[in-house]
Amino acid sequence: MDRLPYAEVTEPGYAERAAATFQAARPAPGTLLLTGPCPRCGTVIQVPVVDGVYKTTGRFRVGGRREPAPSERLEPLICTCEEEHPGRPAGRAGCGAYWLLRITVDAP
Ligand SMILES: [Zn+2]
Ligand SMILES: [Zn+2]
């Protein structure tokens, strides 16, 4: 694959693709682990999210479309891949892509 240059960009398609491919798991109470391929560079990344919303015992879905949602929020994600992207500022990770991931918490 060609090396993508680092760029802090977002596109509507990023959120759509991430909603279709990301998985949510709960490795510990109150922590949600989002896993999926970056919609820009394609590297699988893991993004831990700590938030009181996830202390409920409900199941988690990403990109749910059913209405009404018991609890839903948009989580801002940014690519955290560790591959090389030319032009990336020192100390940064990822390709620069960012997007919003819709997370639905089903009622228990
Ligand atoms: Zn990326
Ligand atoms: Zn990358």
Side-chain angles (χ1 to χ4, degrees):
M1 202 200 298
D2 287 341
R3 291 266 165 88
L4 276 169
Y6 179 89
E8 293 182 4
V9 293
T10 192
E11 292 178 5
Y14 290 178
E16 277 175 36
R17 263 179 282 166
T21 55
F22 268 66
Q23 305 282 331
R26 186 166 54 177
T31 300
L32 194 64
L33 189 63
L34 305 173
T35 306
C38 168
R40 180 166 183 254
C41 72
T43 304
V44 173
I45 57 173
Q46 290 197 322
V47 184
V49 178
V50 179
D51 192 301
V53 167
Y54 309 123
K55 285 174 184 162
T56 68
T57 55
R59 290 179 300 112
F60 305 105
R61 284 182 293 118
V62 170
R65 288 188 185 146
R66 273 180 289 153
E67 301 290 343
S71 176
E72 190 175 80
R73 60 175 285 172
L74 289 173
E75 184 69 31
L77 296 189
I78 186 164
C79 178
T80 56
C81 79
E82 292 180 358
E83 65 183 16
E84 292 251 341
H85 289 293
R88 182 163 66 198
R92 291 279 187 89
C95 68
Y98 59 94
W99 63 95
L100 290 173
L101 189 66
R102 184 186 303 273
I103 300 172
T104 303
V105 183
D106 288 336

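Order of appearance sets the numbers: ligands from 1, and atoms from 1 within every ligand. Basis for what follows: all heavy atoms, side chains included, without hydrogens, waters or symmetry-related copies.
- Counting backbone and side-chain atoms alike, E82 contributes no N/O/S atom closer than 2.8 Å to the Zn ion (ligand 2).
- Rounding to 10°, one obtains 110° for the angle at the Zn ion (ligand 2) between SG (C81) and NE2 (H85).
- Here C79 contributes SG and C41 contributes SG, and at the Zn ion (ligand 1) these two atoms make an angle of 110°, given to 10°.
- Atom CG in L34 sits 7.0 Å away from atom CD in E75 (nearest 0.5 Å).
- The closest side-chain heavy-atom distance from L77 to Y14 is not below 4.5 Å.
- T10 places a side-chain N or O within 3.5 Å of a backbone atom of Y98 that can act as its donor or acceptor partner.
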### Message
side-chain contact (heavy atoms from CB on, under 4.5 Å) for C41 and H85? Distances and angles first, verdict last.
### Response
CA-CA 9 Å; C41 72; H85 289 293; 3.6 Å; yes
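- At a cut-off of 2.8 Å, C38 coordinates the Zn ion (ligand 1) through an N, O or S atom.
- Metal site remark for the Zn ion (ligand 1): C95 contributes an N, O or S atom at a distance under 2.8 Å.
- Remark: side-chain polar atoms of R40 are not paired, donor with acceptor, to backbone N or O of A97 under 3.5 angstrom.
- E83 has its closest N, O or S atom to the Zn ion (ligand 2) at the position named OE2.
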